[in-house]
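We name chains A, B, ... by the order of the sequence lines, and we start the count at 1 in each one. The structure presented is a predicted model; accordingly, all values stated were derived computationally and were not measured.
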Amino acid sequence: MVARFMSLKEAVASCVKDGDTISMEGFTHLIPHAAGHEIIRQGIKDLTLIRMTPDMIYDQLIGAGCAKKLVFSWGGNPGVGSLHRLRDAYEKGWPTKLEIEEHSHAAMANAYDAGAAGLPCAVFKGYRGAELPRVNPNIKFIECPFTGESLAAVPAIRPDVTVVHAQKANKKGDVLFEGIVGVQKEAVLAAKKSIITVEEIVDDFGDISPNAVMLPNWAVTAIVEVPGGAHPSYAQGYYKRDNAFYKAWDPIARDREAFQAWLEEHVINGGPEDFAAKRDANKA
Amino acid sequence: MVARFMSLKEAVASCVKDGDTISMEGFTHLIPHAAGHEIIRQGIKDLTLIRMTPDMIYDQLIGAGCAKKLVFSWGGNPGVGSLHRLRDAYEKGWPTKLEIEEHSHAAMANAYDAGAAGLPCAVFKGYRGAELPRVNPNIKFIECPFTGESLAAVPAIRPDVTVVHAQKANKKGDVLFEGIVGVQKEAVLAAKKSIITVEEIVDDFGDISPNAVMLPNWAVTAIVEVPGGAHPSYAQGYYKRDNAFYKAWDPIARDREAFQAWLEEHVINGGPEDFAAKRDANKA
Amino acid sequence: MVEYTPTEMMTVSAARALKNDDVCFVGIGMPSAACNLARLTHAPDITLIYESGTIGTKPDVLPLSIGDGELCETAVNTVAVPEMFRYWLQGGKISVGFLGAAQLDKYGNINTTVIGDYDNPKVRLPGGGGAPEIATSCGEVFLVMKQSKRGFVEKIDFVTSLGHGKGGDDRASYGVDTKGPSRLITDLCIMEPHPVGKQFVVTSIHPGVTREEIIENTGWEVEFADEVAETAIPSEKELQVLRELHARTAKAHGDQQ
Amino acid sequence: MVEYTPTEMMTVSAARALKNDDVCFVGIGMPSAACNLARLTHAPDITLIYESGTIGTKPDVLPLSIGDGELCETAVNTVAVPEMFRYWLQGGKISVGFLGAAQLDKYGNINTTVIGDYDNPKVRLPGGGGAPEIATSCGEVFLVMKQSKRGFVEKIDFVTSLGHGKGGDDRASYGVDTKGPSRLITDLCIMEPHPVGKQFVVTSIHPGVTREEIIENTGWEVEFADEVAETAIPSEKELQVLRELHARTAKAHGDQQ
């Protein structure tokens, strides 16, 4: 099953449904904001959201009422402060109650790796002396059968859908990532379906390394060209992180009404085509 | 401890000693033949040799009497046939008895990965229905604590020394691999010490991908410039695999005297400087 | 009249088993010739993967080893070997594994380890390499091997890689949920596992081959399907492409013609 | 006479703790400023690693997030996040982890998860991120944090990351063989763990700070070493480099000056 090129609307409609477990990754870099907005516009509900670093994109999905559960390891607006929509949902149940499952980065990185590797669980040297195992039943310990050493184990992450953003796809549908590549490749390989938004679709990748970070077309479900689709995150070689917008997000998200007004104007009445202008304003 | 540039003689003398566990990797590509010859010249004994695909390089080390044990997953001269020195040592104890520990590729690749990752063992979906676990006590099975699934476990590979060949080092001692990169990076990260022979030392790597397969200088012990040092294996971008020599090896290795004559002429009386001519004869 | 050798018939039959959308883990030797013949004829988009880490490779000549430069230079992408075995093979991304064997039993269990006793072998073979996990992690497995009493035996000396185990549901008892050997292509015929018992049954005989020849060259009691087809002879195109591939390969590897 | 703020004194003291040959896993915020100050002054060859996968990065401005483009563009190499946590951190390649905290106890145990009860928190903090494994896998850990009764507490509400546990040999009882917190740098002083009990002991006081101020801003009973040093004031060079770094950072992030 070779990747199909689609519109963002079609990709989300055909891949994501209510109640899915979904991973939208990007470690500061290449966060798929345009795709997140499309999920909000399509009114998808009861999602279990997985992400190492839920930041603005998940704050928006949670505030819009798309999520019932969050699996994460660090939740904040980096360098700015709290995620107010996340906290409002978790602490006060607005707009709906949010359940959380909390891990460390090492646990989630290993769990994605295990998901990509077809394993039921990840085994790692983790959580030693830490308290999360007391409150998270999905952290267990096993013994090395050779040394007797105690090792942490967490279930592999196997999302129904992974959504990521990449710099390029070629006309055959192979996908190229470059720069801070995070856990995106693992998240796609671990998932049943995947949507990849890209800055551009090129004839071919030209003279790249044989060892480039890539996904061949048959390992991907849907590809959508969305220039600027990571804004206010960034796409190395295309545009910079819009740090000012991350700071501006704080007062918007702090207030339910301000958030709803922002959502109405920029998401509900917006579309993926709006992102190109945001890219141009933050050109690298 | 930043990598030191050394002569091959100095690198082997300072890093490898009798009785060490040593890994010389390279998956067809970038096999460190020149370094193997230096180990033979220095008369190092009782080595435990680890390698997924022991081929000509280990046939030579074994025939020269350097090894007491071989840990491997596929032992042959690819596309040609048996390794006659390996078989002679294992089956007839010439020049010394060779003990073997046998795995599958998946087991060894996972064991290198676990070694690099600081784990005591590798856990993977392997050896299901296979007979090696009956004859190799270093293969055990554990249960996934979440699903109950049975998973294979093997001890992590943690060599005393890993020896590999790479295309380039820069003047700071960072190392660049390209093409079929095998398990080399893992083998170096898993080892206590490492020797990297390289085709050339350059001022800097120029315009390479941020995600290139590299080792920073502080993760490497010794770097030696040996142009052609992988021959008759190859270095992508520098010279081709000398397939004719792999075929020519068969009759040499088949006969103890022919082997000893070859060893005397090309190894004992040879040196790393001989490899540049072999490279030139097989230019890419 | 097209002339061809039994080996050519075998390679062509093996190639035909592959589909254009397959993702195929290629063993070296006979599987490599069959997989590349498929790619150069009816399956141009097939993804060929070699355990050296090369994904989507399109070699112009057959590799002598599993990691020839040609494989990387013509690949879509080349990954580290641990990634190959962990994300791609174990991760369930491969539809077909193509394997050869030194010894084979009627359930498709494979020996590539030793002839004789493990500790005191008559012949020490190269070992399993990637095969033990290719055999269990790929969606299905195709086997290709020249038929002989020495190779096709009632009981293999060592189970390097699982086929259908002791037959029936035995394969699943090891926690393996992939299909296992679904086709065995030889120089004489094509066999497929019995739907229930999983022992190999001859389903197609190559032109000019007799049932007696198959029986004489098989160490187990041969079963024939109720309806046995005759394998279509190699087309001129198939033979031409295969011969050109071998000729290019011989030239590239410095063989004497 | 050189003028400086307590925060500058803290950052400079923290930077000085790093050596030229350290390989340092850098937390965001205060640790990031200290590590880059070290790199720009006495430790030009220090390897700075951020959990986004950037190895040997030399940012010209401080990153706002752990994965700013600047980190990758100036790095020796950038690896995937699973590789970062598996091969580099867990693999024991990092000599120093540099962490901050929301709450800290006298044994260097860290809370960055919740204030109050885990299920009904007074304040929900961002969570552990990389810290739980940075705290146990790095050769040693430096902590940097502004001193206050609210932050320096007798008992932290949640043990996000292990320090010296309950003190003494407790850390090792978790199977951890790394050194743990070996230095705590605050805006008032420097503390180091007692060689036996492992509770923090004040070993150096910043110029102009009194013992009373330290006691007033600490929630546990403060211990002073027999010989307490006075921290050397920031040099003009250190202050100049730090201030220029902050100025470049503010400009790059679009702050109003």
Side-chain angles (χ1 to χ4, degrees), chain A residues 26-29 52-53 55 72-83 86-87 90-91 100 102-110 112-113 116 124-132 134-135 149-150 178-186 213 233-234 236 240-244 246-247 284, chain D residues 28-29 50-54 62-73 78-86 89-90 109 111-113 118-121 123-137 158-163 165 170-171 173-176 252-255:
Chain A
F27 209 91
T28 305
H29 185 212
M52 292 181 68
T53 53
D55 44 23
F72 77 107
S73 42
W74 192 91
N77 185 345
V80 180
S82 283
L83 295 173
L86 190 166
R87 285 185 59 181
Y90 176 63
E91 294 171 8
I100 63 166
E102 186 168 3
H103 287 280
S104 68
H105 277 352
M108 290 195 71
N110 274 285
Y112 274 117
D113 172 87
F124 65 110
K125 279 163 85 165
Y127 289 128
R128 293 176 295 179
E131 199 170 342
L132 271 181
R134 180 178 67 77
V135 296
E149 188 174 338
S150 172
E178 203 165 54
I180 292 178
V181 294
V183 293
Q184 281 94 305
K185 181 169 163 177
E186 287 76 12
V213 181
S233 164
Y234 70 106
Q236 190 138 345
K240 292 187 189 172
R241 190 172 195 263
D242 188 352
N243 284 325
Y246 276 90
K247 293 183 180 176
Chain D
I28 211 69
Y50 287 73
E51 63 196 15
S52 55
T54 50
L62 295 176
L64 184 68
S65 83
I66 210 95
D68 280 17
E70 174 87 1
L71 293 175
C72 174
E73 284 160 18
T78 298
V79 301
V81 164
E83 178 178 328
M84 175 51 66
F85 280 95
R86 299 179 80 252
L89 180 59
Q90 181 178 271
N109 301 299
N111 176 16
T112 52
T113 305
Y118 182 78
D119 291 312
N120 294 290
V123 184
R124 174 65 234 195
L125 301 165
E133 284 77 19
I134 293 172
T136 53
S137 289
F158 193 89
V159 183
T160 308
S161 307
L162 179 69
D170 192 46
R171 180 177 169 90
S173 74
Y174 297 99
V176 179
H253 295 174
D255 284 354

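In this structure, the side chains of D:T78 and A:V181 stay at 4.5 Å or more apart for every pair of heavy atoms.
Within the 4.5 angstrom heavy-atom criterion, no atom of A:M108 approaches chain D. If you measure heavy-atom distances from D:E73 to chain A, the contacts under 4.5 Å come from both the backbone and the side chain. In this structure, the portion of A:I100 lying under 4.5 Å from any heavy atom of chain D is its side chain and not its backbone. Heavy atoms of D:R86 lying under 4.5 Å from chain A belong exclusively to its side chain. At a 4.5 Å heavy-atom cutoff, the contact between D:T54 and chain A is made by side-chain atoms alone. Only the side chain of A:E91 comes within contact range of chain D, with at least one heavy atom under 4.5 Å from a heavy atom of that chain. In this structure, no portion of D:P63 lies under 4.5 Å from any heavy atom of chain A. For chain A, the nearby part of D:F85 is the side chain; its heavy atoms alone come within less than 4.5 Å. Proximity to chain A (any heavy atom under 4.5 Å) is shown, for D:E83, by neither the backbone nor the side chain. Contacts of A:R87 with chain D are made by side-chain atoms alone, with heavy-atom separations under 4.5 Å and no backbone atom involved. For A:S150, no part sits under 4.5 Å from any heavy atom of chain D, backbone or side chain.
A:R128 and D:Y174 get closest at one heavy-atom pair: CD-O, 3.7 Å. Pairing each heavy atom of D:P82 with each of A:D113, the nearest pair is CB-CB, 4.3 Å. Taking every heavy atom of both residues into account, A:K125 and D:Q90 meet most closely at N-OE1, 2.8 Å. Here the closest non-hydrogen pair linking A:Y90 and D:D119 is OH-O, 3.8 Å. Minimum heavy-atom separation, D:G128 to A:E102: N-OE2, 4.2 Å.
Side chains of A:E131 and D:Y118: no donor on one and acceptor on the other come within 3.5 Å.
Put simply, of A:P78, A:A116, A:G76, the one with the most heavy-atom pairs under 4.5 Å next to chain D is A:P78. Heavy-atom pairs under 4.5 Å with chain D peak, among A:R134, A:Q236, A:H103, at A:Q236. Each of D:G163, D:G129, D:G127 has some count of heavy-atom pairs under 4.5 Å with chain A, and the biggest count is that of D:G129. Considering only heavy-atom pairs separated by less than 4.5 Å from chain D, the leading option among A:S104, A:G126, A:G179 is A:S104. When A:G79, A:A130, A:G182, A:S233 are compared by the number of non-hydrogen pairs under 4.5 Å with chain D, A:G182 comes out ahead. Of all the listed residues (A:D242, A:T53, A:V183, A:I180), the one sharing the greatest number of non-hydrogen pairs under 4.5 Å with chain D is A:I180. Interface summary for chain A: among D:G53, D:S173, D:G130, the most heavy-atom pairs under 4.5 angstrom belong to D:G130.
Atom-to-atom distance recorded for D:Y50:OH and A:T28:OG1 is 12.0 Å, nearest 0.5 angstrom. To the nearest 0.5 angstrom, D:T160 atom OG1 is 11.0 Å from A:Y127 atom OH. Considering CE of D:M84 and NE2 of A:H105, their distance stands at 12.0 Å, rounded to 0.5 Å. Annotation: the span from D:C72 atom SG to A:F27 atom CZ amounts to 13.5 Å, rounded to 0.5 Å.
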Quiz prompt | Intermediate values then yes/no, side chain to side chain contact (heavy atoms under 4.5 Å, CB included), A:Y112 and D:V81 | solution = CA-CA 10 Å; A:Y112 274 117; D:V81 164; over 6 Å; no

Exercise. Walk me through it: do A:H29 and D:S52 pass the test side chain to side chain contact (heavy atoms under 4.5 Å, CB included)?
Key: CA-CA 9 Å; A:H29 185 212; D:S52 55; over 6 Å; no

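Remark: side-chain polar atoms of A:Y234 are paired, donor with acceptor, to backbone N or O of D:G69 under 3.5 angstrom.
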